[in-house]
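Just so we're on the same page: letters track the sequence lines, and every chain starts at 1.
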Amino acid sequence: MPQMYTPTPTIEATGPRTLTLNMGPQHPSTHGVLRLLLEIDGETIVRLMPDIGFLHTGIEKTCEAKFYQQGVPLTDRIDYLCPLTNNLAYVLAVERLLGLAIPPRAQWLRVMLNELTRINSHLVWLGSHALDIGAMSVFLYCFREREDTLRIFEMVSGQRMMTSYFRIGGLALEPPLDMFGAVKKFVDRFPSRVDEYENLLTANPIWLKRTKGVAYLSAEDAIALGATGPTLRASGVDIDLRRDMPYSGYEKFQFKVPVSNDGDVFARYIVRVQELRESNEIVRQTLQGMPEGPIKADAPKIVLPDREKMKTQMEALIYHFKIVTEGFPVPPGEVYQAVESPRGEMGYYVVSDGSPKPYRVHVRAPSFANLQALETMCAGRLIADVVAAIGSIDIILGEVDR
Amino acid sequence: MPLAPAITDLEQLKERPALARLLAWNPGAVEAAKFDRDELTIVVKSAALREACAILRDERELQFNFLADVTCVDWYPNEPRFEVIYHLLSIPRHERLRLKVRLAGDDPGLETVTSVWPSANFFEREVYDLFGVRFAGHPNLRRIMMPEDWEGHPLRKDYPVEGYR
């Protein structure tokens, strides 16, 4: 007789009028495998407890068994909607451990691809969030432009999603020439496309009813509960790591940081839509001033040599062999490198003990922290608002569980 | 940019506002400090951690009002085996600080900081789940990543990367 499977943990109803309800993990609007335990009084949420870990893959543990350069493809899998942001945070952390200086062209390309990634991620968010709330058509509009960004990623890295394009010390390859043309075309067209999304949603009375005043989060609560990114900025806290603690040359670009004081689902929507426009402007600026020069740091013991050099120079062949088979030692120390991912503060804490493998890699995932704010947002609201609230914090379960 | 050597001398670092404030409060609570790769680390005694956090959060000159992250490093087989690490961020001042607590290997435990920052709830549960460090006074100290009936703590260094348990 097979045992009946009872999912744990469970919660008990605390009052005579309430009952508990299981939502997920296979619920279509929980964006992956999020399980929520709800205690409800009629349709009103009394208590909400997220149960996570269904996607736990032990990436932090795996990193400890790999060379530093082998960690880059693992970071893609943490957040599959912004792989390049994860790549960037990891390589920046290791580069700071090594004390490597990155040539300007590589930095600019990194910024450009990061902002395209932000556009890509926000488009998936907007499409699926609108789908959750019932606006079906927005999804198709968003995926039309998302396809363009994926084609650009495919041009540079050969992959649409798991790009692994950044390397410790620079980039994997010089991007193909027609990539800049494709980006230019995208950047010129994109603002009018954002207008299209806004036409569909911003003044739509159904959208406003479902989002205005829903899932309110005050600035104090947002800070206390560890929310970052658009969730924090929609509650009126003006912080953006790209502007306030710049990395990878972000200080060279002009952009506005959208902030809203309303703290509801609509505010998070407006903040992200404005970020789409600002990211587009940053990409335009990177195109206009793209510096010439190498895309890899001058560090033969860390950066793989060009293919051509390997065929003609003995030293290059030796370095290549040594990097691939033995890795490269990293001076002991520790670094916490945070970047502004589409969801908030994405931090990589890398500890080195002087060997070619990281002693510890820890990922501070924004979705993981943002999820804590969900109960405060939903308490006292209806079950249907839970769906809107989950969409509005833009969680990626790969990142929550790692 | 070649690496500057790490500064570990308390005398050289005591001018730093965060460290100066903690030393003024209780010099015995600070075990060590390090400034390396533009990051300041302060090692505090585990008994003083919660109060030190409250001071760093509330001091008008410092305003470390945001707890970005809590994590742990296992230095097995060395002692003290565990380092619990708190990454603090001051949102108004755009500055970071790392607090560290060192714990012995047998039955590691310390006081929770959820009363200072509610956001520590999930972070501390993760450290408990993956390292087995207990946080006294935590409102809901249960496994978060692994199943509830899991044995062992996977991110410990004596836990194998591959194979069966």
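Contacts of A:I239 with chain B are made by side-chain atoms alone, with heavy-atom separations under 4.5 Å and no backbone atom involved. For a residue to count as touching a neighbouring chain, one of its non-hydrogen atoms must lie under 4.5 Å from one of that chain's; by this rule A:E60 touches chain B with backbone and side chain alike. Looking at A:L55, there are no atoms closer than 4.5 Å to chain B (heavy atoms on both sides), in backbone or side chain. For B:P118, the parts sitting under 4.5 Å from any heavy atom of chain A are the backbone and the side chain alike. Only the side chain of A:V351 comes within less than 4.5 Å of a heavy atom of chain B; its backbone N, CA, C and O stay farther away. Of the atoms belonging to A:A373, not a single heavy atom falls under 4.5 Å from chain B. Contacts between A:Y349 and chain B at a heavy-atom distance below 4.5 Å involve the side chain alone, from C-beta outward. If you measure heavy-atom distances from B:V70 to chain A, the contacts under 4.5 Å come from the backbone alone. With a threshold of 4.5 angstrom between heavy atoms, B:A68 approaches chain A through its backbone and through its side chain. Within the 4.5 angstrom heavy-atom criterion, atoms from both the backbone and the side chain of A:P331 approach chain B. Using a 4.5 Å cut-off between heavy atoms, A:V237 touches chain B through its side chain atoms alone. The contact between A:E64 and chain B is made entirely by side chain atoms (from C-beta outward), counting heavy-atom distances below 4.5 Å.
Checked for salt-bridge contact, A:R242 and A:D240 meet the test: a charged N lies under 4.0 Å from a carboxylate O. Looking at B:E148 and B:R142, a side-chain N of the basic residue comes within less than 4.0 Å of a carboxylate O on the acidic one, giving a salt bridge. Here B:R98 does not pair with B:D36 in a salt bridge; the nearest charged N to carboxylate O distance is not below 4.0 Å. Salt bridge annotation for A:R243-A:D238: present, with a cationic side-chain nitrogen under 4.0 angstrom from a carboxylate oxygen. Using a 4.0 Å cut-off between charged side-chain N and carboxylate O, B:R93 and B:E59 make no salt bridge. A salt bridge links B:E83 to B:K100: at least one charged side-chain nitrogen sits closer than 4.0 Å to a carboxylate oxygen. Residues A:R47 and A:E375 are not paired through a salt bridge, judged by the lack of any N-O separation under 4.0 Å between the basic side chain and the carboxylate. Salt bridge status for A:D79 with A:R343: present, with a side-chain N to carboxylate O gap under 4.0 Å.
For the set A:A65, A:G53, A:A224, the entry with the most heavy-atom pairs within less than 4.5 Å of chain B is A:A224. Each of B:V161, B:N140, B:V73 has some count of heavy-atom pairs under 4.5 Å with chain A, and the biggest count is that of B:V73. The candidate with the highest count of non-hydrogen atom pairs below 4.5 Å against chain A, out of B:E95, B:E126, B:K34, is B:E126. Counting heavy-atom pairs closer than 4.5 Å to chain B, the top-ranked of the candidates A:H56, A:E334, A:E345 is A:E334.
A:L397 places none of its side-chain heavy atoms less than 4.5 Å from the side chain of A:F54. Side chains of B:V101 and B:V43 form no contact here, defined as non-hydrogen atoms less than 4.5 Å apart.
Relative ring orientation between A:Y247 and A:Y250 is described as perpendicular, the plane-to-plane angle rising above 60° on a 0-90° scale split at 30° and 60°.
Interatomic distance, CD1 of A:I393 versus CG of A:L232, reported as 13.0 Å (0.5 Å rounding).
Applying a 4.5 Å heavy-atom cutoff, the residues of residues 84-91 of chain B that approach chain A are B:I85, B:H87, B:L89, B:I91.
Using modelled atom types, one finds a donor on one side chain and an acceptor on the other under 3.5 Å when comparing A:N22 with A:R35. Using a 3.5 Å distance cut-off with no hydrogens or angles, the side chains of B:H153 and B:D129 do not pair a donor with an acceptor.
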